[in-house]
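This report concerns only the one structure given below.
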Amino acid sequence: MRQLPAMTLLLLLLWFGTQGAEALSVCGHPRMLNRMVGGKDALEGEWPWQVSIQRNGSHFCGGSLITERWVLTAAHCFSNASEKSLYRVLLGARQLVKPGPHAVYARVKRVESNPLYQGMASSADVALVELEAPVTFTNYILPVCVPDPSVIFETGMECWVTGWGSPSEQDRLPNPRILQKLAVPIIDTPKCNLLYSKDADSGFQLKTIKDDMLCAGFAEGKKDACKGDSGGPLVCLKGQSWLQAGVISWGEGCARRNRPGVYIRVTSHHDWIHRIIPELQFQHDRSDGQKRGPRFQQPLDRNFASCLAAHTILLVLTALLTCF
């Protein structure tokens with residue numbers, strides 16, 4: 001009579017073990033490996049967490065998939081989110097015009113904007129979009145890793161920003177509107193505040209970089225995120241995983257001198273994200289200490305990770321079951 005509960009326990013632990021290993025290994029690992037201002041065309045499947053948030057069929061903001069049913073974006077993208085039926089989220093697409101067979105559309109169930117958000121260029125410009133149904137992960141649809149507050153994105157670190165925004169302040173990204181990517185270095189907050197104080201218009205209040213903001217870009221301008229990129233991700237490679245450092249929030253114009261892009265620091269809103277999505281696993285810094293360029297690392301073998309977890313559990317349970 002004791003064998004049935006023991007076998008049930010074995011099966012349950014095996015299932016949870018393999019599920020946990022898969023959840024840990026899937027985020028931040030693009031499988032498809034080997035116009036923002038100054039950006040370049042992204043490759044197919046290169047940024048599988050990038051989504052297009054659309055209203056009445058038109059792209060208006062970017063976002064990033066962080067679980068099978070949650071998207072991280074900017075609060076200013078949803079100044080009026082009462083009519084959920086107007087919104088759709090496009091996943092797995094490289095281009096917006098005729099997205100192709102790998103792309104899927106998802107309906108929006110609800111939008112949770114950070115209650116501390118108080119308008120453009122303010123703190124807490126982050127929102128979470130819940131999809132009506134969980135998406136299936138594919139080579140073209142995968143989540144990005146969300147960093148634990150202990151993760152530090154160092155000044156000068158080269159990160160990447162992606163989106164379908166305008167290639168300049170005046171122009172729109174030409175058809176077929178291919179996803180753009182741009183490498184940008186992290187700028188420390190004191191320097192960013194100094195840059196924004198230069199050439200300031202005397203008729204406007206001086207913009208300041210708050211504690212939950214992160215700057216990235218170039219003092220000379222010329223390369224930057226722009227209109228339509230809002231809500232999209234700024235991601236950095238830590239070890240072998242891509243972690244989302246920031247959410248595209250605001251900037252003065254696009255790619256102007258002394259006006260780098262400003263992002264909301266994801267780690268600053270860990271507690272709020274955790275309250276909304278308690279099941280989300282946050283990623284710790286697993287960097288091996290070696291300096292790496294923005295090259296794409298081979299993803300961990302998910303089958304190997306799952307098998308390793310299952311094998312470990314089997315060894316433990318074999319010892320336990322001898323007691324029955």
Side-chain angles (χ1 to χ4, degrees), residues 16-29 48-51 53 61-78 81 84 87 89 91 106 108-118 122-135 137 141-154 159 186 189 210-214 230-249 262-287 300 305 309:
F16 283 116
T18 54
Q19 290 294 309
E22 184 166 313
L24 285 172
S25 65
V26 71
C27 79
H29 294 105
W49 42 80
Q50 176 76 47
V51 308
I53 301 177
C61 270
S64 54
L65 187 69
I66 58 173
T67 75
E68 60 188 2
R69 71 185 307 153
W70 285 96
V71 165
L72 178 63
T73 186
H76 78 258
C77 292
F78 290 96
K84 309 293 189 308
Y87 298 102
V89 175
L91 308 100
V108 172
K109 181 179 181 180
R110 64 170 166 149
V111 177
E112 292 280 352
S113 292
N114 193 307
L116 299 178
Y117 176 65
Q118 296 181 337
S122 81
S123 293
D125 185 13
V126 285
L128 289 165
V129 177
E130 185 180 12
L131 307 180
E132 271 195 357
V135 297
F137 294 156
I141 302 174
L142 289 170
V144 67
C145 297
V146 181
D148 179 88
S150 62
V151 177
I152 304 298
F153 299 98
E154 301 85 2
C159 301
I186 300 292
T189 299
K210 310 295 195 305
D211 290 341
D212 74 333
M213 296 178 185
L214 180 70
S230 291
L234 173 74
V235 299
C236 310
L237 189 62
K238 283 276 195 176
Q240 292 188 331
S241 301
W242 287 96
L243 276 62
Q244 184 166 350
V247 174
I248 300 173
S249 180
V262 184
Y263 305 78
I264 295 299
R265 196 183 294 267
V266 174
T267 52
S268 295
H269 298 282
H270 167 273
D271 292 347
W272 175 74
I273 295 172
H274 181 63
R275 282 198 302 272
I276 304 296
I277 319 174
E279 70 274 16
L280 177 63
Q281 295 188 17
F282 293 84
Q283 185 87 6
H284 294 275
D285 189 350
R286 296 182 177 180
S287 175
L300 295 175

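Treat the numbers as computed from the prediction; the structure is a model and nothing was measured.
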Quiz item: Is there a side-chain contact between Ile276 and Trp70, using heavy atoms and a 4.5 Å cut-off?
Solution: yes
Self-check item: Arg69 (side chain) donor-acceptor with Val135 (main chain) under 3.5 angstrom
Solution: no
Quiz item: What's the spacing between Lys238 NZ and Cys159 SG if we round to 0.5 Å?
Solution: 8.5 Å
Self-check item: Over all atoms of both residues, closest heavy-atom pair of Pro115 and Trp272
Solution: CD-NE1, 3.6 Å
Exercise. Report yes if some heavy atom in the side chain of Thr67 is under 4.5 Å from a heavy atom in the side chain of Pro143; otherwise report no.
Key: no
Quiz item: Are Ser249 and Asp125 close enough that a side-chain donor and a side-chain acceptor fall under 3.5 Å?
Solution: yes
Quiz item: Can you tell me how far NE2 of His29 sits from OG of Ser241, rounded to the nearest 0.5 angstrom?
Solution: 3.5 Å
Practice problem: Before accepting this row, confirm whether a basic side-chain N of the pair Glu112/Arg275 lies closer than 4.0 Å to the acidic partner's carboxylate O. | Solution: no
Exercise. Identify the heavy atoms of Pro233 and Trp49 that sit nearest to each other, and give their distance.
Key: CG-CD1, 4.1 Å
Quiz item: Could you go step by step and tell me if Ile66 and Val144 meet the side chain to side chain contact (heavy atoms under 4.5 Å, CB included) rule?
Solution: CA-CA 5 Å; Ile66 58 173; Val144 67; 4.0 Å; yes
Self-check item: Rounded distance [0.5 Å steps], CD1 in Ile277 versus CD in Glu279
Solution: 6.5 Å
Quiz item: Quick one: do the His269 and Asp212 side chains pair a donor with an acceptor below 3.5 Å?
Solution: yes
Practice problem: Determine, step by step, whether Leu142 and Val26 satisfy the side chain to side chain contact (heavy atoms under 4.5 Å, CB included) criterion, reporting the C-alpha distance in whole Å, the side-chain angles of both residues, the deciding distance to 0.1 Å, and the verdict. | Solution: CA-CA 7 Å; Leu142 289 170; Val26 71; 3.5 Å; yes
Practice problem: Starting at CG of Leu116, measure out to OG of Ser113 and round the result to the nearest 0.5 Å. | Solution: 11.5 Å
Quiz item: Do the side chains of Val129 and Phe78 get nearer than 4.5 Å, heavy atoms only?
Solution: yes
Exercise. Give, for atom CG of Leu131 and atom CG of Leu65, the distance between the pair rounded to the nearest 0.5 Å.
Key: 7.0 Å
Practice problem: State, with a plain yes or no, whether a side-chain heavy atom of Arg265 is found less than 4.5 Å away from one of Phe153. | Solution: no
Quiz item: Hey, mind stepping through Phe282 and His270 against side chain to side chain contact (heavy atoms under 4.5 Å, CB included) and telling me if it holds?
Solution: CA-CA 9 Å; Phe282 293 84; His270 167 273; 3.5 Å; yes
Self-check item: Closest contact, heavy atoms only, Ser122 versus Gln118
Solution: OG-N, 3.1 Å
Quiz item: So do Leu214 and Val262 actually touch side chain to side chain, heavy atoms under 4.5 Å?
Solution: no
Practice problem: Taking the side chain as every heavy atom from C-beta outward, state whether Cys27 and Gln283 have any atom pair closer than 4.5 Å. | Solution: yes
Quiz item: Which heavy atom in Ala106 sits nearest to a heavy atom in Leu91, and how many Å separate them?
Solution: CB-CD1, 3.9 Å
Self-check item: Donor-acceptor under 3.5 Å (Thr189 side chain, Lys210 main chain)
Solution: no
Practice problem: Can you measure from CG (Asn114) to CG (Leu128) and round to the nearest 0.5 angstrom? | Solution: 8.5 Å
Exercise. Take Tyr117 and His76, measure what side chain to side chain contact (heavy atoms under 4.5 Å, CB included) needs, and give me the verdict at the end.
Key: CA-CA 8 Å; Tyr117 176 65; His76 78 258; 3.0 Å; yes
Quiz item: Counting N and O atoms only, with roles assigned by atom type, does the side chain of Lys84 sit under 3.5 Å from a partner on the main chain of Val111, one being a donor and the other an acceptor?
Solution: no
Exercise. Take Arg110 and Glu130, measure what salt bridge (Lys or Arg N to Asp or Glu O under 4.0 Å) needs, and give me the verdict at the end.
Key: CA-CA 5 Å; Arg110 64 170 166 149; Glu130 185 180 12; 2.5 Å; yes
Exercise. Answer whether the closest heavy-atom distance between the side chains of Cys236 and Trp242 falls below 4.5 Å.
Key: no
Exercise. Using modelled atom types only, decide if a donor and an acceptor are shared between the side chain of His284 and the backbone of Asp148 within a distance under 3.5 Å.
Key: no
Quiz item: Of the non-hydrogen atoms in Pro147 and Leu243, which two are nearest, and what is the gap between them?
Solution: CB-CD2, 3.7 Å
Exercise. Taking the side chain as every heavy atom from C-beta outward, state whether Thr267 and Val146 have any atom pair closer than 4.5 Å.
Key: no
